[in-house]
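Structure first, then comments.
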There are 2 protein chains.
Amino acid sequence: MKKDLSTEEKILNAAKKVFLTKGMDGARMQDIADEAGINKALLHYYFRSKDKLFEQIFMEVASAFLPKIFTILESETTLFQKIELFCSEYISQEIKTPYVPIFILNEINRQPKAFLKKVLGNHKPPIQKLLVQIEKEIKAGVIKPIEPLQLLMNILSLCIFPFLACPMIQLITGMDNKQFNELMEQRKKEVPQLIIQSIKK
Amino acid sequence: MKKDLSTEEKILNAAKKVFLTKGMDGARMQDIADEAGINKALLHYYFRSKDKLFEQIFMEVASAFLPKIFTILESETTLFQKIELFCSEYISQEIKTPYVPIFILNEINRQPKAFLKKVLGNHKPPIQKLLVQIEKEIKAGVIKPIEPLQLLMNILSLCIFPFLACPMIQLITGMDNKQFNELMEQRKKEVPQLIIQSIKK
DNA sequence: AGTTGATTTAACCATCCGGTTAACAAAGTT
DNA sequence: AACTTTGTTAACCGGATGGTTAAATCAACT
């Protein structure tokens with residue numbers, strides 16, 4: 001396995017792998033210890049409890065994923081540019097870390113309120129700006145009238161779902177990872193095209 | 001709770017509720033017993049093990065959900081009609097049973113091969129027909145050229161994702177169930193419109 | 001009423017699992 | 001070298017959890 005890493009790094013890598021694939025409930029401390037090639041007691045020496053360790057992994061994963069997205073949504077560019085940038089950034093990110101979406105989704109399901117507090121702190125979710133921008137563009141006659149929330153859902157759906165369903169898709173179609181990723185690369189352009197075409201006047 | 005149901009029905013209802021919301025790993029036999037208002041030993045009297053009980057629930061849930069979908073995909077109608085019918089049927093179904101999609105998704109993740117075998121048996125996944133139909137329509141010049149798999153992913157994404165992300169959406173927007181369902185009702189027409197518009201010449 | 005078979009329960013068992021302890025080893029520090 | 005701090009391990013602990021058992025209750029039939 002990993003060799004010259006510090007014990008703490010070995011643990012974090014192992015924990016990330018196990019938590020991402022099995023989720024909080026399905027993960028066993030022993031699994032993580034095995035994966036890291038160390039004694040189980042050492043886990044508790046470095047991270048006092050399973051909860052603490054999970055928390056650390058969760059924050060690491062979440063804060064590598066969400067801020068980029070939020071930044072784009074809150075940026076000052078035009079709506080169309082925003083959509084293009086968001087889709088291609090999001091999909092790139094997901095290709096690199098394919099297990100993250102379902103991990104996050106399940107965590108939201110497990111404890112919705114705790115999740116929000118953890119990832120947003122006291123901030124508001126950064127979608128208000130986008131929704132207002134959409135409404136403005138509608139009133140200005142730049143795009144067709146549409147429920148802003150529907151538009152946002154469409155964007156998120158098209159970007160995220162394929163990664164959530166990746167195992168199923170690969171299973172049904174017999175694709176391997178490489179083929180799947182090629183499809184996803186295509187989507188970086190196709191999704192924004194589809195979205196923009198649907199709202200452009 | 002439920003009153004005049006047979007014990008077996010009480011158990012199945014309780015198990016469905018608990019498994020759907022907490023998943024196999026997160027569910028406790030005691031939870032199910034409590035939910036059904038019975039003794040834990042009675043669970044094992046009716047269903048020998050947690051695995052057996054889960055299996056039963058899983059099959060019940062899956063076979064209430066998937067066949068309808070498959071039938072539509074394999075029917076003989078035109079592509080456009082198929083898309084319209086599929087989206088509206090699928091979304092209707094999900095409104096009734098909102099926890100099912102994430103439940104199924106997680107089960108696929110947990111044991112992909114076992115899942116396929118369970119829900120398909122020896123059959124082939126019924127998407128081949130649709131993919132061929134799409135290719136035909138492209139060659140016939142009825143719709144724009146598109147990778148058939150991309151089209152299928154788009155349809156599934158737009159139909160399923162909102163329900164997967166339902167807790168998050170409700171959390172962020174502050175919607176309640178009723179408002180959310182209204183949005184979904186809208187989608188029954190908007191999603192097929194969006195899809196068809198994107199491929200129509 | 002008594003017999004029989006299905007249902008239900010309380011109590012129990014064994015194992016799993018998160019977490020602790022105490023002893024030991026390695027690496028500094030003086 | 002003696003001592004302290006840090007890292008690591010084997011063994012253990014207690015509670016949770018899936019599962020079992022044996023007795024009690026109920027229902028149907030004679």
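Chain letters run A, B, ... following the sequence lines, proteins first, then strands; residues in each count from 1.
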statement: Taken in chain and number order and not counting sequence neighbours, the residues that satisfy side chain to side chain donor-acceptor pair (under 3.5 Å) with A:Asn109 are none
- line: Per nearest nucleotide of DNA chain C, the residue lying toward the 5' end, A:Arg28 or A:Ala41, is A:Arg28
task: Answer yes when A:Glu107 and A:Arg110 have at least one side-chain N-carboxylate O distance shorter than 4.0 Å, and no when they do not.
output: yes
- prompt: Taking only residues two or more places apart in sequence, or in another chain, which ones meet A:Gln179 in a side chain to side chain donor-acceptor pair (under 3.5 Å)?
  reply: none
Nucleotide range of DNA chain C lying under 4.0 Å from chain A heavy atoms: C:dC17 to C:dT21
field: Contacts of B:Ser92 that satisfy side chain to side chain donor-acceptor pair (under 3.5 Å) - sequence neighbours left out
entry: B:Lys188
- prompt: Considering residues at least two apart in sequence or located in another chain, which fulfil the side chain to side chain donor-acceptor pair (under 3.5 Å) criterion with B:Asn181?
  reply: none
query: Is there any salt bridge (charged side-chain N to carboxylate O under 4.0 Å, His left out) pair reaching into residues 74-95 of chain B, and which pairs are they, with sequence neighbours excluded?
result: B:Glu76-B:Lys129
query: Contact class for B:Ala33 vs. all strands (heavy atom < 4.0 Å): base, sugar-phosphate, or nothing?
result: nothing
- prompt: Which part of the nucleic acid does B:Tyr46 contact within heavy-atom distance under 4.0 Å: base, sugar-phosphate only, or nothing?
  reply: sugar-phosphate
query: Pairs in or reaching into residues 177-196 of chain B: which pass ring-ring contact (aromatic ring centres under 6.0 Å, His included), with residues at least two apart or in two chains?
result: B:Phe163-B:Phe180
- line: Bounded by its outermost nucleotides with an atom under 4.0 Å from a heavy atom of chain B, the footprint on DNA chain D reads D:dT17 to D:dT21
- request: Give B:Tyr45 one of three labels, base, sugar-phosphate or nothing, depending on what nucleic acid heavy atoms sit under 4.0 Å from its own.
  value: base
field: With sequence neighbours excluded, residues passing salt bridge (charged side-chain N to carboxylate O under 4.0 Å, His left out) with A:Glu60
entry: A:Lys16
